[in-house]
Amino acid sequence: MAGFQSLPGFRDFYPEDFSRRQHIFRNWRSAATSFGFQEYDAPVLEPLELYKTKSGDEIEAQLFSFTDKGGREVSLRPEMTPTVCRMVGEKAGALKRPIKWFSIAEFYRYERAQKGRLRAFHQFNADIFGEAGPEAEIELIALLIQCLAGFGLTKDDFYVRLSDRDLWFFYLEALGFTDAQARSVLTAIDRYEKAGDDAFKVYTEAHGAMPADRKDKVLGFLKIKSLPELETALAAYNSEKLAARLTDWRKVLAGVSAMGLADFIAVDLSVVRGLAYYTGFVFEAFDRKGDLRALAGGGRYNDLIKKLGYADLPAVGFAIGDVTTGLLIEQRGLAPAHGTAPQVYVVIGGEAERKAAFADIQALRAAGIRVEYPFKDLAFGKQFKAASESGAKLALIYGGDELAKGVVKLRDLADRAEREIPRDQVVTLVRDLLAGR
Ligand code: HAM
């Protein structure tokens, strides 16, 4: 085998792939801007310490980490959240709140390659800092929906599953679980959809068998799919914490409904998120058919900035990935046609006419018009073929006889109509024609 291959899970972006990727980024950026988020960026390489214990065991095991030449333990970033917390933490006092930031960047995780999961992928991250109330969740869930709806995807294509880690902890506390036990239960729930009852093995090993009545309550809670069901399930518990969570749930669901987005939301307490730092609401976006891995994930992480040694600042956010989003757009036939065809193809009679053609080509391009021409002298027939294949709307023909009269021929490549135009009006006439004037 000759040459080299890229590493497993890393992609080359040929122009067609790149144009698809740009389409995705453009949509995300325009959604974020319309929601009033500001764009930032950060280093791809960070101190390893930033991810240790903060991101959680799963991500820690997947780090692309090494020792640099100065002996520092470093890692390629697997996610943006710890980094953006550091950035906000550093300047927390000076930033106007609520802080609404977004970024589009590449991340690296040493994952087992599978459909929708790679080792280098892009995420759009959007986060709000300094807002403790559920208004921030409403804003972010609406933005997440727009990040997918902007491609033409509808409620029949994707939805957002909403859950709440605090609600789980308060509920488990009300059932009599200790904090350590509750953590084990959440780990089991995270795996329950895939592993079924086996997911509880870790719990049993650490804390002994779970009494049957408690387990029934946990599995029943897991199946809750609506706010009324949730209200009924919690009615029996006299807990202020649970009541406060219910108030926030009502606010989030009412806000999202008022935006006309209720059909995109599903109450689903089986979502608990694998990352270590989430505290309250958590949510994930999935395709309706269930063919793909998660499109996006996020939630509230009120303690992370403080854990990194900065101010106590509430935070909530999400990230959406380019890999699964790209697959969904493709599946639904919403990928844009590739490429930016030239608008004008310049046909050149021969070496003698090239000089005049070059002057006009440069003037047209400087006016922002996309222009192509053949590098080498070719027969007219070949050039016209190239012109129509290029997708250009117009051809300009630089022939010796015309140039001698101070004109060039302008051909409409759709209906092949031709006329002569004065050379000194080439730029203005072509611009008007392309603008439909
Ligand atoms: P996450 O769930 O790990 O959350 O990733 C969010 C999204 O990134 C996933 O739903 C998926 O689309 C994409 N993604 C993750 N890993 C891969 C991979 N190996 N290959 C392709 N796509 C992938 C986070 O990263 C959190 N930091 C999100 C967040 C922001 N939470 C608060 N703010």
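Read the numbers this way: they start at 1 and go in the same order the structure lists the ligands and their atoms.
Partners of F158 according to the ring pair (Phe, Tyr, Trp, His ring centres under 6.0 Å) rule, which considers only residues two or more places apart in sequence or in another chain, are F264.
Note on ring orientation: taking the six-membered ring where Trp is involved, the planes of Y40 and W101 are tilted (angle from 30° to 60°). Taking the six-membered ring for Trp and thresholds of 30 and 60 degrees, F200 and Y192 have ring planes more than 60 degrees apart, a perpendicular arrangement. Using the six-membered ring where Trp is involved, Y171 and F221 have ring planes that are parallel, under 30° apart on the 30 and 60° scheme.
Both tests do not hold together for R183 against Y203: distance to the six-membered ring centre under 6.0 Å, angle to the ring axis within 45°. Figure legend: cation-pi geometry between R411 and F384, with NZ or CZ positioned under 6.0 Å from the six-membered ring centre and within 45° of its axis.
Closer than 4.0 angstrom to ligand 1 by heavy atom are E79, T81, R109, E111, G116, R117, L118, F121, Q123, N125, D127, R273, L275, Y277, Y278, A294, L295, A296, G297, G298, Y301, G317, F318, A319, G321, V323, T324, sorted by chain and number.
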